[in-house]
Every structure is written in C-alpha cells, then in structure tokens.
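Data first, discussion second: the structure below is written as structure tokens.
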Amino acid sequence: MSLPDKTVPARLLPRQRSRRPGGRASFGSRRAMPRYTVHVRGEWLAVPCRDAQLTVGWLGREAIKRYVKNKPDNGGFASVDDVRFLVRRCKGLGLLDDEDPLQVALEDNEFVEVVIEGDAMSPDFIPSQPEGVYLYSKYREPEKYIALDGDSLTTEDLVNLGKGHYKIKLTPTAEKKVQKSREVIDSIIKEKTVVYGITTGFGKFARTIIPVNKLEELQVNLVRSHSSGVGKPLIPERCRMLLALRINVLAKGYSGISLETLKQVIEVFNASCLPYVPEKGTVGASGDLAPLSHLALGLIGEGKMWSPKSGWADAKYVLEAHGLKPVVLKPKEGLALINGTQMITSLGCEAVERASAIARQADIVAALTLEVLKGTTKAFDTDIHAVRPHRGQVEVAFRFRSLLDSDHHPSEIAESHRFCDRVQDAYTLRCCPQVHGVVNDTIAFVKNIITTELNSATDNPMVFASRGETISGGNFHGEYPAKALDYLAIGVHELAAISERRIERLCNPSLSELPAFLVAEGGLNSGFMIAHCTAAALVSENKALCHPSSVDSLSTSAATEDHVSMGGWAARKALRVIEHVEQVLAIELLAACQGIEFLRPLRTTTPLEKVYDLVRSVVRPWIKDRFMAPDIEAAHRLLLEQKVWEVASPYIEKYRMEHIPESRPVSPTAFSLEFLHKNFIKIPESGDL
C-alpha cells in the first residue's frame, strides 16, 4: 500500500529488538533471573524465578502465596497448599500444564493468570482479558513507518494506524517545531511568569498560583484527577487511533511538550502499549479531558494498559515488559497530553471511512435488488441527472448505469421483461441516485471538516514560538466535529431507511413476483421474514440515534466551561448508526442474492454476477430454513472489508474510461472527475476485468 503524497513515504527499518537463541525475539534485555507477571484475583504480581527448571504449578502456588501474604484474612483461604487453581497465558488464554518446566512453557517476563477454582463463576471475578482473545491474532507488528508533521495526516492514514499497519516517527521539521515550542515554556518557568495551566491551577482554579517546586506535581495531579471516565474501554484499534492523533497534534509544535517526552509517547505507540480509556465521560469542551487523561495516565505508568504481549495489566508492568519507562511529566506536559478534541475526531475518522465504504457498496447492493425486482434503467439516464447536477447524484446514477443492463454488460434478466407494461418503478428503486447521492455529498462535507480537525492544534493555552508567548483561546471546543458527526449520522442513516423498504419489496410476493419471504415451501419455512424484522428494528433504533447530541449543552467546571459540544456522544452514536446501516445492507445483499435463485437460469450482468459469486463463496442459498445470524454476519464482514466494492469497482472504472464525457455533469457547478476519484472512488490496484 502506498501512502498519500502529503506524508513522508514509509520505509522499512530494522526492528529494535534483541534476538534470543533459537530466533525468538524479546523486548528489552535478557535477565539472568527470569521473572513472570501473574494476575491473581484482580491484582498483578511480579514473581522472580531462581530456577528455570521449576514448574508452572510452582509459579501458580508462589503467586497465590504472594497474593495472600498481606491479606488480613489470608485471602479467604484456610491453607494455601489446599487451593486448587489453573494457570493460563494472558496472551491467547491457553491453559498450561502444572508439570511443565517454566523455561519450556513460558517466555521470560510473560504475563500469566492464575484462576482459582470457583472464582470464574463468582460475580467478583476479574478476568485479565475483558475484551476477548480475538485481538491477539489480528495484530502483527508493522515494519513500515508513517512520518507525522502535524499538517498532512489523512483519515485513511489514521484508520491504518489504528489497524496497526504502521509505526510512527516525526519529520525533522516537526522535531524542530516541538523543540522551539518547549523553549518558550522553559523560559516562562525560569522567569516565573504567571501563565494558565503552567504556573496556575485549572478551570475554576485558574487564578491560583502554583509554587515552582510543585509544577511537576501539578501536572501529575491533573492527569490523575481528570481520569474519571466510565464505560467499556476503547478497543485497541480505536485507542491506537486516539494515541496516534494526539501525537500528530503535538507534532505541530503549539503544545509545549518536550521532544524527549513526545518521543517516549511514540515509543509506547510503536510497541502497541495502549492505556485503558473508558469510552464515556467527555462533554467535548474543554476538549476530551477524561478520555485523554486516561490515555496520559497509562503513559505515566498508572492505571491499566493493554498490549498484544500482555493483555490487560497494570501499566507499569506492561511498559517494563516492552523495555519502556513511564513518562515523567514536566511543567505543562500533562495539560499538553489531555487538552484537545482527539477522542471525537479519531472516532469521527473511523465513522467517515466506514460511511464512505458502505455508501459505495450501497449502490451495488441496490443495483442487484433492482435487477431481481425487474426494474428499469431509464431512471438513471444521463440527461435526467445532468439537469440536476448534484455531485453525489450524478455519480450514483453513473454507477447504476455501469452495473446494470447495457451493451457492455447485457442482462438476461433485464431482457426477460423488456416489453412489460410497467412504466416506472417505486421510489426506493427509481430515486436511488437522489437519496444515495446526498449521502455521498454529506460524507464529503464531513470528511473535509474531520480532515481539517486532524491537523489542527486544539490545546489551551497555545504556544507560539515565533512570538515567544502563550495565548489562551478556545480551539479545544468540539463543536465543529460534533456538528459534522451529527450530520453524518443523519445522512448515512438514509441508506438503511431506503434499504429496509427494498427488503420489504423483495420479501413481499405482491410486490416482487417472487415466493413469499424468498423461500420455497412457505409456511413450513419462514425464510427472510424475521431478517426483515431485524432490518426494521435497526432502522427504528437509528431514528433515535440520529437525534443530534450537539444541540445539548450543560455548564461544567463551576460555570467556567459554560458551553460544551457533547461531541463524544456524537461520534459514538455515529459509529452505531453506521454499523446498523452496514447490517441492514448485509440483509438486503443476502435477500437480493436469494432472489436471483428464483430467476435462474437467467443471468444478470457480469459485474453483478461477480457480486453474487462473492456472496455465495461465504453463504449458500436457502433451500429450507436454517440458523440465519451467521449468514448475516458473513455478509456484514464482506461489506466491512469492502469485498463487494473490490469485485465490482473494476467494471465501474472500465465503464467510466469508455464513457468519460457521459460521466461528467454538464453544469459548471458540478464536480470534476478528479473530485470523484479523490472523494468517492477508490480504484483497486489490480483486478481482472
């Protein structure tokens, strides 16, 4: 994969890890005495092992002894020797045999968990892996780097960083800007100047002057006190995005963080050591204080942290296992780490990218449904859309023409009803360019705002090295991304609303001329009856989720922060809306492919047959009722991974190259082909036509 032109090209660099005998890599230096980090009843214990021939059973017993050592009630055990337990790896949760030697069963400094008999059934049991083990198999340490400068990060870049495809480094220009910014802070401290957040308290305490010998303690207290979020932790992909985006903002050089500290943060990211960040608690001004504080808390070695090596563990142990040291905050650095809109914006990036992907594929799914329902292509005529040249509308109509019956791709199904007496189709088929089109335009609008926010300095106070001063302002206010993401949810929801109506037409025999609920022996079999109900339920839920969160504001911090954006909820619910849209379209995709079965031996166009073949590679036709949820999930996965777009887009682009004048709107206000490629079209690097 190539990186966008605006970023410094990624290049392969050697991994900075030592090698063990036998080729196994280790983090940090090899200890003479192996040590293991053991999780017992919610506590983490470091257990050294003087003899590597000792067994897994010894390690479990020793960990329990250390656990009960300082318990006033002996941990509730009558005798430690009588305790029955299991030992398992935190990485993958594989059970270990008590009799295996430690040097054979475990790596040095590996994380393990002791599960005491009966605990797993107790409501007080705290597992080491609340999010499950699937995350381990998905992570592979990257070898390529993205160079961040604070000015050129794209939504695609950030999503790829979240997926663990790249490590991070700074550009030389960014390093210089960070250093100059820090010089301003050092000068303020040296001269004992009164500056908000550096030599004063925060919020209501802005007029409280802090003694110089307390300035570092001030920053630690800030991080600890503001780490007050609740809810489930961000999954690793989203936490990586959050951390990467904060690094990008710090790289701009307006935050006052030292280059030493910023490089430490980058090392933590590159090791995939991810702090425990609860998803709830931000009101979106002054920035995303609670989630970013949890992020910073892990960086200073407090709270919980996750890595592929350890799973969830105490942050200090996770950092040590990767040869890293906790960050020691200098004056202003706590504030530099926690003040900004990065929670809203990083989740917004994922929302925009997923919205773009499902909007493209919605056109393909709808075109397949139109074929099954024997609709007409006349509604997609070039001249109709040239006289109403909205950008998205023109592009969606073009995609329909490229996929449906034409001289390029004749359809036997279309030929079978060419001389029918129907004049026009229902709105859910005929008006797809108008409805899907505005969704595309909405996504483009929101993407522009989110991209700007990605590369914006959102601290307070701002450090302007060129002027040698700091200025307090309001760039931390999340109203821009909050409003944009509320708009995104409203726009993308319509894809599900219209899709659900098409599912109804597919399932209703009076509208489709197909068997009721797309199954033979109706009555004995129910077919897609309840799958349609699921789609209806998701659409209804979306209607509530589309209520804008940014219309609300509650005064906080003793009325100092008296207007807030509620952007965190805007971002989280936008993602939920988009997930529901994906699931509804997955159901429509399955229903349309099932409808094809009843039209055989007639065939549709070549690109739509390719889509049908893709679906059938993971979901077989319904001959009679079966467990349907796994099939919906399989279709959803195809859409998430953009497989439907991958098989159809080469045909769309081939058609485009042969109809360039046709694909351009006649109005001077309409967008160019370049805009289409940049904002809506992602051409596969390869694909057989």
In terms of heavy-atom contacts, Ile632 and Ala586 come closest through O-CB, 3.9 Å
Does the side chain of Arg240 come under 3.5 Å of the side chain of Ser272 through a donor N or O and an acceptor N or O? yes
Could you state the interatomic distance from CD (Glu646) to CG (Leu638), rounded to the nearest 0.5 Å? 10.0 Å
For Asp157 and Tyr166: C-alpha separation, side-chain torsions, deciding distance, then whether side chain to side chain contact (heavy atoms under 4.5 Å, CB included) applies. CA-CA 9 Å; Asp157 290 337; Tyr166 299 102; over 6 Å; no
Do Glu350 and Glu353 make a side-chain contact, defined as non-hydrogen atoms from C-beta onward lying under 4.5 Å apart? no
Are any non-hydrogen side-chain atoms of Arg637 and Lys643 less than 4.5 angstrom apart? no
SG (Cys546) and NZ (Lys573) are apart, to the nearest 0.5 Å, by 6.5 Å
Check whether Thr442 reaches the backbone of Val438 with its side chain - one donor and one acceptor, N or O, closer than 3.5 Å. yes
Show every salt bridge (Lys or Arg N to Asp or Glu O under 4.0 Å) that has at least one partner inside residues 549-561, sequence neighbours left out. none
Starting at CG of Leu337, measure out to CD1 of Ile300 and round the result to the nearest 0.5 Å. 9.5 Å
Would you confirm whether Asn248, through its side chain, and Leu148, through its main-chain N or O, come within 3.5 Å as a donor-acceptor pair? no
Heavy-atom distance under 4.5 Å between the side chains of Leu454 and Cys349, does that happen here? yes
Going by heavy atoms in the side chains, are Leu295 and Cys239 under 4.5 Å from each other? yes
For His493 and Val581, the nearest pair of non-hydrogen atoms, with its separation, is CA-CG2, 4.0 Å
Electrostatic pair Glu395:Arg399 at N-O distance under 4.0 angstrom: yes
How close do Ala351 and Leu488 get, counting heavy atoms only, and between which atoms? CB-CD2, 3.8 Å
Evaluate the side-chain proximity of Val439 to His436: yes if any heavy-atom separation is below 4.5 Å, no if none is. no
Verify, without hydrogens or angle tests, whether Asp562 (side chain) and Ser555 (backbone) share a donor-acceptor contact under 3.5 angstrom. no
For Ile338 versus Ala296, what's the shortest heavy-atom pair and its separation? CG2-CB, 4.0 Å
Has the side chain of Asp149 got a donor or acceptor atom that lies under 3.5 Å from a matching backbone atom of Ala174? no
Over 12 foreign heavy atoms within 6.0 Å of CZ, Phe202: yes
Could you check if a side-chain atom of Asp459 sits within less than 4.5 angstrom of a side-chain atom of Leu335, using non-hydrogen atoms only? no
Nearest 0.5 Å, please: how far is NZ in Lys177 from CG in Leu250? 12.0 Å
Under the side chain to side chain contact (heavy atoms under 4.5 Å, CB included) test, which residues partner Ala535, sequence neighbours left out? Glu500, Ile503, Val584, Ile587
Flag yes if more than 12 heavy atoms outside Phe528 fall under 6.0 Å of its CZ atom; otherwise flag no. yes
I'd like to know if the side chain of Ser565 reaches the main chain of Gly567, judged simply by a donor and an acceptor atom lying under 3.5 Å from each other, with no hydrogens or angles considered. yes
Output yes when a side-chain donor or acceptor of His580 lies under 3.5 Å from a complementary backbone atom of Glu541, and no otherwise. no
For residues 279-292, which side-chain donor-acceptor pairs fall under 3.5 Å, sequence neighbours excluded?
| unit_1 | atom_1 | unit_2 | atom_2 | d |
| --- | --- | --- | --- | --- |
| Thr282 | OG1 | Gly284 | N | 3.0 |
| Thr282 | OG1 | Asp288 | OD1 | 2.7 |
| Ser286 | OG | Asn339 | ND2 | 2.9 |
| Asp288 | OD2 | Gln342 | N | 3.4 |
| Asp288 | OD2 | Met343 | N | 2.8 |
| Asp288 | OD2 | Ile344 | N | 3.0 |

Please test Asp151 against Lys252 for side chain to side chain contact (heavy atoms under 4.5 Å, CB included), starting from the C-alpha separation and ending with a verdict. CA-CA 7 Å; Asp151 297 320; Lys252 290 185 71 68; 2.7 Å; yes
Could you go through Val539 and Lys543, starting from their C-alpha distance and side-chain angles, then the distance that decides it, and tell me whether this counts as side chain to side chain contact (heavy atoms under 4.5 Å, CB included)? CA-CA 6 Å; Val539 169; Lys543 292 175 183 177; 4.1 Å; yes
Roughly how far, to the nearest 0.5 Å, is the CD atom of Gln361 from the CG atom of Leu640? 8.5 Å
Can Leu575 and Arg238 be said to form a side chain to side chain contact (heavy atoms under 4.5 Å, CB included), step by step? CA-CA 12 Å; Leu575 281 168; Arg238 290 175 181 170; 3.8 Å; yes
Quick one, Val644 and Leu639 - any side-chain contact, counting heavy atoms below 4.5 Å? yes
Is there a donor-acceptor contact under 3.5 Å from the side chain of Asn160 to the main chain of His165? no
Check for a donor-acceptor pair, side chain of His385 on one end and backbone N or O of Gln434 on the other, with a separation under 3.5 Å. no
Between Ala574 and Leu485, the two heavy atoms sitting closest are CB-O, 3.9 Å
Is the backbone of Ser293 close enough, under 3.5 Å, to the side chain of Ser227 for a donor and an acceptor to pair up by distance? yes
Residue Phe445 excluded, over 12 heavy atoms near CZ under 6.0 Å: no
As a test of understanding, state which of Thr155, Thr452, Thr458, Ile450 forms a side-chain contact (heavy atoms from CB on, under 4.5 Å) with Thr345. Ile450
Answer yes or no: is there an ion pair linking Glu588 with Arg505, defined by an N-O contact shorter than 4.0 Å? no
OG on Ser466 to OH on Tyr254, rounded to 0.5 Å: 7.0 Å
Please confirm whether the backbone N or O of Lys447 pairs with a side-chain atom of Thr451, one donor and one acceptor, at under 3.5 Å? yes
Is the closest side-chain heavy-atom distance between Asp363 and Cys432 below 4.5 Å? no
Nearest heavy atoms of Lys163 and Glu237, plus distance in Å: CA-CG, 4.4 Å
